Amino acid sequence: MIEPLDTILSLVLLSILFSFGSSLLPGLIEVIAFQGIVVSIVPLFLAHDMVPAGIAFTLVTLLIRGIIIPLCIYLAIKKIAIRREVEPIIGFHASILAGLALIVVATFVSRKFDVPSISASALLLPTTITLLVAGMFILIARRNAIAMVLGYIMMENGIYLVGTTFSIRALHIVEFGILLDVLAAVMIMAIILQNINHTFDDVDTALLRTLKE
Amino acid sequence: MVEIVFLIPFITGILAFFLSRNYGRALLVLTGVVHLVMSIFLWALRPSAMFPDYFAISPEGLLSLVVISLLFFLISIYCTSYLNAAEIHSEKMFIGCMLLFLSTMTMVTLSDHIMVMWIAIEATTLASAPLIYTHRTAASLEATWKYVLICSVGIAMALLGSVLITVSMDAGKVDALVSFSALTQVATRLDPLWLKAGFVFILVGYGTKMGLAPMHTWLPDAHSEAPSPASALLSGVLLNCAYLGIFKTNKIMFAAGLGDFSGMILMIFGLISILAAATYILKQTEYKRLLAYSSIENMGIIAFGTGVGGIGAYGAMICLIHHSLIKSSLFLTSGNILLGFGCKIIENIGELVTRMPRTFVSFFGGFVAISGFPPFGIFVGELLIIIGAFRAGYFIGAAIFMLSICVIFAGFANQIMKISFDESRTTHRIHATMNMIWPQYALLLTSVILSIWIPETLYRTILDAVTSIGGGI
């Protein structure tokens with residue numbers, strides 16, 4: 001039987017593959033926004049009891065992860081009118097292939113773990129592992145600073161998924177604090193990006209190489 | 001009551017964005033005084049928190065809090081003169097962020113909930129990022145970018161580790177608060193596999209922020225590009241805050257009977273950091289980066305000592321306190337040198353002893369202290385760590401430790417001699433005022449006093465802290 005939760009999670013996996021194949025920044029931002037929305041509605045499909053506060057919190061998460069953060073970055077690139085390529089270090093075809101391999105490995109690895117609270121869904125653990133590693137991959141394999149921020153957001157999405165699904169003792173006030181921290185981090189990164197573009201006329205991180213041994 | 005200590009700098013920090021220059025500076029010093037007084041009250045009275053689920057007073061937290069408070073007070077006095085001499089683009093921003101930075105660091109020392117700890121440590125990154133970008137140069141921009149990105153990604157790992165610890169609670173069917181103190185009490189019932197995984201992620205995460213190699217790459221850049229008072233805060237207390245996260249997790253590990261596992265990992269990271277510092281310190285060309293690598297070395301020493309346990313853990317605590325005092329004094333002094341010579345390159349600087357004699361005294365004193373000579377406290381701490389390593393039978397570790405410290409001393413001494421006595425063609429610009437001298441003297445003097453005579457209450461608190469991770473005299 002196919003659970004609705006697994007359908008949602010397969011959308012997350014697809015969004016990872018799409019993000020690996022995106023060559024332009026606006027496309028990549030759209031994929032991350034979509035991913036943020038999908039990831040934040042996952043708690044609604046879990047069997048845990050849903051209280052009004054929980055639903056409200058999910059909606060706020062959706063607003064921040066799915067709309068405010070992507071919009072913040074979108075406005076940043078609009079404002080600085082830079083080149084739109086993500087400047088890959090590892091090519092797109094190789095990236096997608098690596099993404100597929102990653103999903104296979106994650107599925108294989110997740111069979112070794114036994115997490116009591118998530119036995120309901122077969123895809124949950126593979127998806128979270130894939131999200132975490134995929135975020136790291138984008139951080140390493142793209143030279144464009146904005147793509148790196150998007151990689152960081154993808155990692156955070158993965159951790160959010162771990163936090164809300166693995167453990168049943170989530171406290172909304174605490175998670176809200178985490179969410180605010182992430183939001184502030186992304187905003188500060190966006191401000192730095194604008195300054196980097198202003199100073200260097202580009203956001204290629206290869207230009208940031210003066211401080212080294 | 002407890003929460004007020006970090007709420008006050010938070011409020012004054014926001015206020016500072018709207019005040020004029022002179023009021024802003026007065027507010028900075030005033031907050032420093034109030035914070036110091038309140039920290040001493042907390043130390044003496046040890047009240048309970050308004051939100052005991054999230055905040056609590058712990059011995060290791062108190063130690064860090066008092067060090068933060070004392071340092072911030074002295075640095076705020078230094079700032080009043082420094083801001084006159086240095087060209088700071090937006091002083092409101094600088095003072096506001098300094099106060100917010102103080103608030104977030106205080107929150108780290110008082111937080112007991114695992115996730116609140118994470119929130120506070122991430123907030124320290126965000127509050128200090130604008131400080132590094134104060135000078136608005138391309139290099140400082142690069143340093144800020146590296147700092148925010150590397151630390152955020154690193155700390156994301158710590159968040160994952162924190163979540164894994166809650167998974168270990170579910171797996172072990174433990175029903176308790178997700179706070180360090182509650183988990184330490186029920187540690188034996190936690191699922192060991194998930195707990196170990198959580199510890200490793202937390203160590204890598206907070207280790208990034210603490211400056212443990214190989215995750216240290218942001219540290220020399222951020223410390224050298226930030227204005228000197230901010231560098232002093234970054235090196236003197238921010239690194240301690242990150243260490244606190246690791247220390248408290250290590251407490252749970254020790255209570256769960258996994259102390260050997262966590263100790264071994266801490267020792268390995270510690271030795272790698274010391275070795276990395278020894279490699280880079282030899283060929284340093286900038287004195288602020290030199291000091292930054294010395295911080296990496298000392299964080300490595302502290303991690304190693306914590307891992308060794310026994311008397312070594314006590315030594316690590318001593319090193320932690322004295323490193324804060326001495327390194328912040330050195331960074332403040334480096335601010336005087338930078339203002340005096342207008343240059344960060346060691347080659348261009350010399351004759352410090354004749355040109356800036358009072359600055360020379362604190363610079364050379366700080367160098368002697370940080371290299372581990374008596375009568376300064378680092379000597380006592382390192383000696384105890386070495387004794388602890390021998391007692392526990394880690395002979396190879398102790399050998400690497402001692403050899404690296406010798407190499408670091410040689411490299412450090414070489415550069416310091418150049419700065420102090422070599423000829424210099426650079427013209428000397430300004431003289432340091434008294435307010436830019438005596439805070440450093442006060443810090444070094446505190447270090448000397450504390451290594452000769454430790455007050456009973458301080459000794460008890462250190463001992464309380466280290467017995468929870470298997471340390472002791």
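None of the values given here were measured: they were computed from a predicted structure. Just so it is clear: chains get the letters A, B, ... in the order the sequence lines come, proteins before strands, and each one is counted from 1. Quick note: numbers below take in every heavy atom, side chains included, and nothing from hydrogens, waters or symmetry partners.
Interface remark: of the candidates Tyr133(B), Trp118(B), Trp145(B), Trp145(B) forms the most heavy-atom pairs closer than 4.5 Å to chain A. Of the residues considered (Ser152(B), Pro130(B), Ala143(B), Ala123(B)), Ser152(B) shows the highest number of contacts with chain A, using heavy-atom pairs under 4.5 Å.
Separation of atoms CD (Glu122(B)) and CG (Asp181(A)) is listed at 5.0 Å; rounding is to 0.5 Å. Rounded to the nearest 0.5 Å, atoms CD1 (Ile178(A)) and CE (Met115(B)) are 5.5 Å apart.
Counting non-hydrogen atoms of neighbouring residues, nucleotides and ligands closer than 6.0 angstrom, the CZ atom of Phe17(B) exceeds 12 such neighbours. Surrounding CZ of Phe201(B) are at most 12 heavy atoms belonging to other residues, nucleotides or ligands under 6.0 Å away.
Interface with chain B: from residues 155-162 of chain A, residues Met155(A), Glu156(A), Ile159(A), Val162(A) qualify, criterion being any non-hydrogen pair under 4.5 Å. Annotation: residues 183-196 of chain A contacts chain B through Ala184(A), Ala185(A), Ile188(A), Met189(A), Ile192(A), Leu193(A), Asn195(A), Ile196(A) [non-hydrogen atoms, separation under 4.5 Å]. Within residues 127-139 of chain A, the residues approaching chain B closer than 4.5 Å by heavy atoms are, in numerical order, Leu132(A), Met136(A), Leu139(A).
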Pair Leu149(B)-Met148(A), side-chain contact (heavy atoms from CB on, under 4.5 Å): steps then yes or no: CA-CA 9 Å; Leu149(B) 197 74; Met148(A) 291 168 83; 3.5 Å; yes
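Heavy atoms of Glu286(B) lying under 4.5 Å from chain A are absent altogether.
With sequence neighbours left out, the ring-ring contact (aromatic ring centres under 6.0 Å, His included) criterion links Phe94(B) to no other residue.
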